[in-house]
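Note sheet for the following structure.
Lettering of chains follows the sequences in order, A, B, ..., and the numbering in each one begins at 1.
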Amino acid sequence: MNEFQERVYAVILAIPPGRVASYGAIAARAGLPGRARLVGRLMGEVPDGMTLPWFRVLRASGQIAFPAGSRGFREQSRLLKAEGVEVRNGRVPLSRFGLDADIDRAIWGMF
DNA sequence: GCCATGGCTAGTA
DNA sequence: GCCATGGCTAGTA
């Protein structure tokens, strides 16, 4: 696991329950702006035994990245709703559930 | 090539 | 929708 990978996981771990962040935002906060797709790939490479709140990560539009109706799509929807996040038509209103300023500042300061 | 992305535009209502 | 991007992987030679 390289340093960027560890940073990405650390940033995702810092997203509090009931909040979400985009792939691009995570990449930027982990120190590599513009690497949103890399974050998506790393999500599929989480080491065994590591628990990650992967379902709090969405597209920049607030949409769930999995194809609508897929297993991953339903699971992500379910987990988000379970912690009070509103999901309608596979989309979360970022204005209400995105990171608040204090948390975001703390995450930027992590590295 | 492929993709768990993102940004910007054309075309409809 | 479409195209640009970045990084990894399958498949050929």
Taking C-beta and beyond as the side chain, do [X] and [Y] meet within less than 4.5 Å on heavy atoms?
X     : Y     : answer
A:S77 : A:I64 : yes
A:E86 : A:R88 : yes
A:E45 : A:Y9  : yes
A:L58 : A:Y23 : no

* To do: Could you identify which residues of residues 13-25 of chain A place a heavy atom less than 4.0 Å from some atom of DNA chain C, listed by residue number, or say none?
  =>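 Residues of residues 13-25 of chain A under 4.0 Å from DNA chain C: none.
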* **Single-linkage hydrophobic cluster, 4.5 Å side-chain cutoff, A:L13 and A:W54 together** =>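 A:L13 and A:W54: one cluster.
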* Atom of A:R96, atom of A:R19 and distance for their closest heavy-atom approach ->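 The pair with the smallest heavy-atom distance is O-NH1, 3.6 Å.
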* **Residue pair A:F55 / A:L80: nearest heavy atoms and the distance that separates them** =>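 Scanning both residues completely, I find the closest heavy atoms to be O-CD2, 3.3 Å.
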* Reckon A:R59 touches a base, only the sugar-phosphate, or nothing at all at heavy-atom distances under 4.0 Å? ->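 Touches a base.
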* What is the distance from CD1 of A:I26 to P of B:dT5, rounded to the nearest Å? ->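 That distance rounds to 12 Å.
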* Under 3.5 Å for both distances, Watson-Crick or G-U wobble, that's the pair rule; now give the dot-bracket for DNA chain C, with | marking pairs to another strand and [ ] for crossing ones. => ||||.|||.....
* Out of C:dG7, B:dA4, B:dG7, whichever nucleotide has its closest atom nearest the side chain of A:L38 ->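 The listed nucleotide nearest to A:L38's side chain is C:dG7.
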* **Options C:dG6, B:dA4, B:dG6, nucleotide nearest the side-chain atoms of A:W54** =>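 The nucleotide sitting nearest to the side chain is B:dA4.
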* Asked: In Å and rounded to the nearest 0.5 Å, what is the CZ to CZ distance from A:R7 to A:F111?
  ->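 Taking CZ in A:R7 and CZ in A:F111, the distance rounds to 5.5 Å.
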* Are OP1 or OP2 of B:dC3 and a side-chain N or O of A:R41 less than 4.0 angstrom apart? ->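 For A:R41, the contact criterion (side-chain N or O under 4.0 Å from OP1 or OP2 of B:dC3) is not met.
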* To do: For B:dC3, take OP1 and OP2 only and decide whether either is under 4.0 Å from a side-chain N or O of A:R37.
  =>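 Answer is no, no contact under 4.0 Å.
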